[in-house]
Amino acid sequence: MLRWPELQESFRIATSSLRVNLLRSILTTAGVVVGVVLVVLMGWTINGLDAVWEQTISIIGKDMMYIDKWNWAGGGNWRKMEARSNITLDQALQLQQRMESAEDIIPLIRKWGGSVSLGNTSIRCSVTGTTAAYGNTAAGTAAAGRFFNGVEEHSADKVVVIGYNVNKNLFPTSSAVGQSIKIAGIPYRVVGVIEKRGFLFMDFVDNEVFIPLHAFRGAYGFVGRSFSVGIKTGSERLLDIVRDEATGHMRSIRNVSPLDDSDFSINEMKAFDQQAKNIRVGIWVVGMGLTILAFIVGSIGIMNIMYVSVTERTKEIGVRKAIGARRSSILLQFLIESALLCVTGAVIAFPIAQVLVGSARFLAVSVFELEWASVVSPLIPLDLLGIAVGVSILVGLLAGLLPAIKASALDPVEALRAE
Amino acid sequence: MSQPIIEIANLVKRYEMGDEEVFALQGVTLTIGRNEYVALMGPSGSGKSTLMNMLGCLDTPTSGSYLFTGENVSDMDDDDLAEIRNREIGFVFQTFNLLPRATALQNVELPLVYAGMAKDQRMQRATEALKRVGLADRMDHKPNELSGGQRQRVAIARALVTSPSIILADEPTGNLDSKTGQDIMRLFGELWRGGNTVILVTHEEDVARHARRIIRLRDGRIESDEVNPHAPLA
Ligand SMILES: Nc1ncnc2c1ncn2[C@@H]1O[C@H](COP(=O)(O)OP(=O)(O)OP(=O)(O)O)[C@@H](O)[C@H]1O
Ligand SMILES: [Mg+2]
């Protein structure tokens, strides 16, 4: 049976003994401090990654899917995919005719190792041929100027829309819109700059320029390349319906027999979720390992100091027992003291973790100019603080258990004889 | 004799020191009634403290029986014993044994904490007890801010505060000068006259003279048990 006055008394004793041995208490909690800092940093990093990831896929388009020869996620049989026949513009256009559930069908054709130049500067990027409809997707949203329109798509005028990184490298100070750059030796007029889309490991998606399909055919030709068919569903909820419809049409367009597997892949942003998940798990495993190590070291320190405390206060324990403290009263007293010691560690750890988190973000954003870092919160989330306090209480209770049992089992006569 | 509080029969306490056996008590039989005032005397090592610890339910005998207010103490577990100590017994020690970081008031409150009493009531009872021992003006002092005599008064207030059936004191004046010792003995006398049962251990005949009954131990046995002819009248 737990009695409220005993509980209050235990807290009173615990706080006063922490205060009396302030320096010793603080030093003892070092391991717990490190553990809590690590827990908080790990949680914050994972939260931050999630935020960055969310930003990336929402900018590239959660409502998009792409029919490709290749599976983006790298799954499936590579040789088998290589043996697939290329997706042609004609197939893409047929699909466009048949699809009813989608908002837009956008053929895309890409040259990966292309380059663009301005004067003597030349940078490598991928060159993509597409239609004006790409400008309606989240990934085609222009930060400056606009995407090329239907008239420009079919005119003999050479126009280009450049990706964020291309713009940053070629036009670091001036505005790109209206300027002329060269692709495969031919001048193009820049009509727009795409907003930043790729964060973190998706940065490459901003190394891209977009030109109309016929211009692409002129520059690189369609032969030997497989089209990618972008499908804008208009809403995440429609992904399943659109996928089913597109699969059916595409199989028929490409004459896949009902018994065979499809000879194309349907890619969605979700495909990258696995990659994000792996990174998350990696951080979690490393973080957890370090955290557990710190807590083990910490709890050994706490246990040790609690044994010292029990020895130092043997006489006090004897007195308390003589005047009526039960085993459970003494047990509670030392468990609370040990838990409070750990919570003290957690309280010391919070400002340290906050300073680390704050400086990490400041360094990333302001010194290293990592734009993606700006979507990460500069503050430790409250639920993490709650978890950290909970964990440290648990560690405190565990570390204090043996010393507390020892204290509670002391023989009162022996204890009173102690000096 | 008045109604017995303590009835012990053939109480034996044996300590094992390696191969050697030490019999601290070798068959003590004794009855103590309500509102008695008993002094336990005897040479050093005769078993006075051992008997005291037994009577106070701090220690359990190797053999023999102990009835405390009619209940068999030998059958009880640790927590039952703790509860008896809390409710029925007030200890006063030679070295005071106050908690150094707690004020006089907090020290006196402590038994009531373990009795599960609420704060207001505790304060009230502890304040009364401190008034009874004449320390109303020292309640917020820590032990190291008090004289030896004052510390022992705080300890007595702590022993009193639960209104126990008996007060046990093991050489309560042993660490005090004779003048202060006499003050403390006067206090025990008052408690006894107020209806308390008092049992104390002492070496000094001067101190024992205050008691109504003197029991002498030697080698773990009762040597004599008689009414004190010099006892002051009640
Ligand atoms: N824990 C113990 N282990 C072994 N022997 C003990 C223990 N406690 C007491 N004894 C022995 O029991 C005997 C009685 O001890 P006790 O402390 O009761 O004597 P006492 O009458 O109180 O003496 P004093 O006047 O010196 O306080 C002594 O011989 C002592 O050595
Ligand atoms: Mg003794």
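Just so it is clear, the values below take in all heavy atoms, side chains as well, and ignore hydrogens, waters and symmetry mates. Numbered from 1 within each chain, the chains take letters A, B, ... in sequence-line order.
For A/K321, the parts lying near chain B are the backbone and the side chain together; criterion is any non-hydrogen pair under 4.5 Å. Residue contact with chain A, scored on non-hydrogen atoms closer than 4.5 Å, involves the backbone of B/A115 exclusively. Contact of B/Q106 with chain A is made through the side chain alone, with heavy-atom distances under 4.5 Å. For B/S49, no part lies near chain A; criterion is any non-hydrogen pair under 4.5 Å.
For the pair B/N97 and A/R320, the minimum side-chain heavy-atom distance is 4.5 Å or more. In this structure, the side chains of B/L99 and A/E316 come closer than 4.5 Å at one or more pairs of heavy atoms. Counting only heavy atoms from C-beta outward, the side chains of B/L58 and A/L416 approach each other to under 4.5 Å.
Taking non-hydrogen atoms and a 4.5 Å limit, the residue list of residues 9-23 of chain A in contact with chain B, ordered by number, reads A/E9, A/R12, A/S16, A/S17, A/V20.
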Tabulate below the donor-acceptor pairs under 3.5 Å that side-chain atoms of residues 32-47 of chain A make, not counting sequence neighbours, or state none.
| residue | atom | partner | partner atom | Å |
| --- | --- | --- | --- | --- |
| A/W44 | NE1 | A/S377 | O | 2.7 |
| A/T45 | OG1 | A/L41 | O | 2.6 |

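Surrounding CZ of A/R24 are more than 12 heavy atoms belonging to other residues, nucleotides or ligands, all under 6.0 Å away. More than 12 non-hydrogen atoms from other residues, nucleotides or ligands lie less than 6.0 angstrom from CE of B/M76. Heavy atoms from other residues, nucleotides or ligands lying under 6.0 Å from CG of B/D219 number 12 at most. Within 6.0 Å of the CD atom in B/E20, the count of heavy atoms belonging to other residues, nucleotides or ligands does not exceed 12. At most 12 heavy atoms of other shown residues, nucleotides or ligands fall within 6.0 angstrom of atom CZ in A/F362.
Taking every heavy atom of both residues into account, A/A325 and B/A82 meet most closely at O-CB, 3.7 Å. Taking both residues in full, the closest heavy atoms of A/A322 and B/F93 are given as CB-CZ, 4.0 Å, listed atom of the first, atom of the second, then distance. When every heavy atom of B/R122 is checked against every heavy atom of A/P5, the shortest pair comes out as NH1-CB, 3.3 Å. Between A/Q333 and B/Y114, the shortest heavy-atom distance links the atoms OE1-OH, 4.4 Å.
The residues A/R326 and B/D79 are annotated as not salt-bridged, no charged nitrogen and carboxylate oxygen being separated by less than 4.0 angstrom.
Looking only at heavy-atom pairs under 4.5 Å with chain A, the residue among B/I89, B/T95, B/N86, B/L112 that has the most is B/N86.
Partners of A/K406 according to the salt bridge (Lys or Arg N to Asp or Glu O under 4.0 Å) rule, which considers only residues two or more places apart in sequence or in another chain, do not exist here. Remark: A/R361 engages no residue in a salt bridge (Lys or Arg N to Asp or Glu O under 4.0 Å) (not counting sequence neighbours).
Between atom CD1 of residue A/I323 and atom CG of residue B/N107 there is a gap of 8.0 Å, rounded to the nearest 0.5 Å.
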